[in-house]
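The figures that follow rest on heavy atoms only: side chains count, while hydrogens, waters and symmetry mates do not. Note that the coordinates shown come from a computational prediction; the quantities given were computed from them, not determined experimentally. The residues of the chain are indexed from 1 along the displayed sequence.
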Amino acid sequence: MVFSSAAARRCAAFATLLTLMVLPVLAQPGTLSGFPFLRMEPSARAAALGGAYSAMYGSDVNALFYNPALLNADMHRSLSVSYLNHLSDLNAGFVSYALHREGLGTFGGGIRFMSWGEIERADENGIRDGTFSAGDVALTLGYAGQQSENLRYGANVHAVYSGIDSYSASAVAADVGVAYLVPAQLLTVSASVNNLGATLSSFGETTDELPVDLRLGVTKRLQYLPLLISVTGYNLHDLGNGPEGGTAADNIFSHLAFGGELQFSDAFQARIGYNHRRHQELKTKSRLDFAGFGLGFGLSVRRFVLDYGFNSWSSFGRLHQFTVRTSV
């Protein structure tokens with residue numbers, strides 16, 4: 001079969017894209033879908049907790065990406081900037097901000113973006129012909145209100161864009177969520193549906209699907225120990241989708257993320273998290289493999305909070321994420 005030069009470049013570009021897509025999609029919760037960068041952890045704290053963040057009520061504005069109902073007055077004028085050093089030449093950044101208006105509610109906004117770096121272009125014969133770039137970006141606007149003293153509700157809207165060379169895909173999506181607070185028990189329970197929407201354009205003839213996610217979350221601060229425990233159930237609309245060849249226990253735990261935060265003081269916290277699906281899909285035959293585990297800490301200095309998160313991807317490499325939060 002003979003290809004034109006333009007067709008050859010297009011095939012080579014898509015082949016390269018599919019190869020690169022394996023890295024960020026691998027070990028992400030749920031089935032393979034379009035716009036996989038929407039599943040990435042938007043902050044170092046969330047990454048260190050293994051993604052168990054859907055009921056993390058507090059002052060961290062990044063919680064809006066998990067459940068918009070978590071937006072609250074404590075986030076007023078809160079700004080967060082995160083950087084993720086991903087595998088290979090992939091880099092990602094996240095910016096979020098919130099404002100509270102008494103009598104109206106809390107408004108939030110965010111930007112998530114990912115750069116794939118420069119990629120070599122080649123034709124069907126492997127002859128190189130310059131480079132091209134690829135990237136993803138999502139813009140988010142959110143709102144949360146209070147139904148009663150304990151019950152909160154919220155919604156996000158997203159504009160999503162992915163580009164590779166001269167080709168692109170775009171979508172609009174929304175999140176809706178609720179959160180129930182029990183302050184006397186130091187307990188938060190939440191539920192949300194994330195990334196509901198429609199694809200406006202796709203890279204190829206097959207429509208790229210949004211990574212829809214039904215989530216339930218529980219966070220509990222122990223009364224007599226400085227320990228915050230968080231559990232998130234994700235992809236609960238697709239419970240039959242577990243790791244290939246996994247046991248019944250694997251199928252159950254593949255929809256759960258666990259996190260723990262030791263709150264030694266307001267100035268310092270230590271964190272650990274575990275995502276079983278990531279462990280199962282990334283681990284090697286080695287007996288000791290920390291794939292799926294997260295570690296990190298939070299450090300407050302004056303008006304600034306520095307969060308660090310580390311995640312092991314087994315033989316693929318290690319991810320380091322940094323977040324700086326402050327009030328402006």
Side-chain angles (χ1 to χ4, degrees), residues 23-24 27-29 35-54 56-68 70-71 74-99 108-117 135-142 156 158-162 175 194-195 211 230 232 257 259 261 268-273 275 278 293-313 317-328:
L23 292 177
Q28 298 296 327
F35 311 103
F37 78 104
L38 294 175
R39 296 190 184 276
M40 298 175 66
E41 313 300 352
S43 75
R45 187 185 183 200
L49 293 170
Y53 219 68
S54 290
M56 195 62 69
Y57 186 83
S59 60
D60 184 2
V61 65
N62 293 293
L64 81 93
F65 295 116
Y66 291 87
N67 186 336
L70 298 174
L71 284 167
D74 290 341
M75 299 177 184
H76 180 57
R77 300 179 65 88
S78 178
L79 173 67
S80 174
V81 179
S82 298
Y83 168 72
L84 170 62
N85 179 18
H86 213 292
L87 306 180
S88 188
D89 292 328
L90 279 65
N91 294 278
F94 312 87
V95 180
S96 52
Y97 183 74
L99 280 173
I111 302 174
R112 290 171 284 178
F113 60 90
M114 186 170 185
S115 172
W116 301 75
D136 309 279
V137 63
L139 304 179
T140 298
L141 292 176
N156 289 331
H158 313 288
V160 189
Y161 174 87
S162 294
D175 310 329
N194 299 65
N195 302 318
S230 183
T232 291
E261 181 177 82
F268 180 74
Q269 305 86 39
R271 299 160 185 148
I272 186 170
N275 185 300
R278 292 176 186 171
F293 282 89
L295 295 171
F297 63 84
L299 183 64
S300 299
V301 181
R302 297 183 183 273
R303 294 174 50 246
F304 295 90
V305 177
L306 171 65
D307 295 316
Y308 167 74
F310 167 85
N311 294 96
S312 171
W313 276 33
R318 299 169 179 83
L319 275 59
H320 301 275
Q321 191 160 351
F322 300 88
T323 300
V324 176
R325 294 183 279 141
T326 189
S327 295
V328 294

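- Considering Gln321, Gln269, Met56 as possible partners of Arg45, the one that fulfils the side chain to side chain contact (heavy atoms under 4.5 Å, CB included) test is Met56.
- Ser54 has its side chain within reach of Tyr66: a pair of non-hydrogen atoms, C-beta onward, lies under 4.5 Å apart.
- Closest heavy-atom contact between Gly309 and Ala48: CA-CB, 4.1 Å.
- Side chains of Asn91 and Met114 form no contact here, defined as non-hydrogen atoms less than 4.5 Å apart.
- Leu49 has its side chain out of reach of Ser230: every pair of non-hydrogen atoms, C-beta onward, lies at least 4.5 Å apart.
- Looking at Leu306, Asn62, Val81 one by one, the single match for side chain to side chain contact (heavy atoms under 4.5 Å, CB included) with Thr323 turns out to be Asn62.
- Shown here for Asp136 and Ser162, the closest heavy-atom pair between the two residues is OD1-OG, 2.5 Å.
- In this structure, Asn194 CG and Asn156 CG are separated by 8.0 Å, a value rounded to the nearest 0.5 Å.
- The shortest heavy-atom contact between Ser78 and Ser59 is OG-O, 3.8 Å.
- Although no hydrogens or angles enter the test, the distance criterion places no donor-acceptor pair under 3.5 Å between the side chain of Asn85 and the main chain of His320.
- Side chain of Ser96 to main chain of Val61: no donor-acceptor pair is present (N/O by atom type, distance under 3.5 Å, no hydrogens or angles).
- In this structure, the separation between CE on Met75 and OH on Tyr97 is 13.5 Å, given to the nearest 0.5 Å.
- Taking CZ from Arg112 and CG from Leu139, the interatomic distance works out to 9.5 Å, rounded to the nearest 0.5 Å.
- Between Pro42 and Ser82 the shortest heavy-atom distance is O-OG, 3.2 Å.
- Interatomic distance, Asp307 CG to Asp60 CG, rounded to the nearest 0.5 Å: 7.0 Å.
- For the pair Arg271/Phe310, no side-chain contact is recorded, criterion being any heavy-atom separation below 4.5 Å from C-beta on.
- When side chains are defined from C-beta on, Ser43 does not count as touching Phe65, because their heavy atoms never get closer than 4.5 Å.
- In this structure, CD on Glu41 lies 8.0 Å from CG on Asn275, to the nearest 0.5 angstrom.
- Using a 4.5 Å heavy-atom cutoff, the side chains of Leu79 and Val324 are not in contact.
- Gly51 approaches Ala257 most closely through the heavy-atom pair C-CB, 4.2 Å.
- The backbone N or O of Ser80 lies less than 3.5 Å from no partner atom in the side chain of Arg325, so there is not a single donor-acceptor pair.
- The only member of Phe94, Phe297, Tyr308 that meets ring pair (Phe, Tyr, Trp, His ring centres under 6.0 Å) when paired with Phe322 is Tyr308.
- Leu70 has its side chain out of reach of Tyr53: every pair of non-hydrogen atoms, C-beta onward, lies at least 4.5 Å apart.
- Using a 4.5 Å heavy-atom cutoff, the side chains of Asn195 and Asp175 are in contact.
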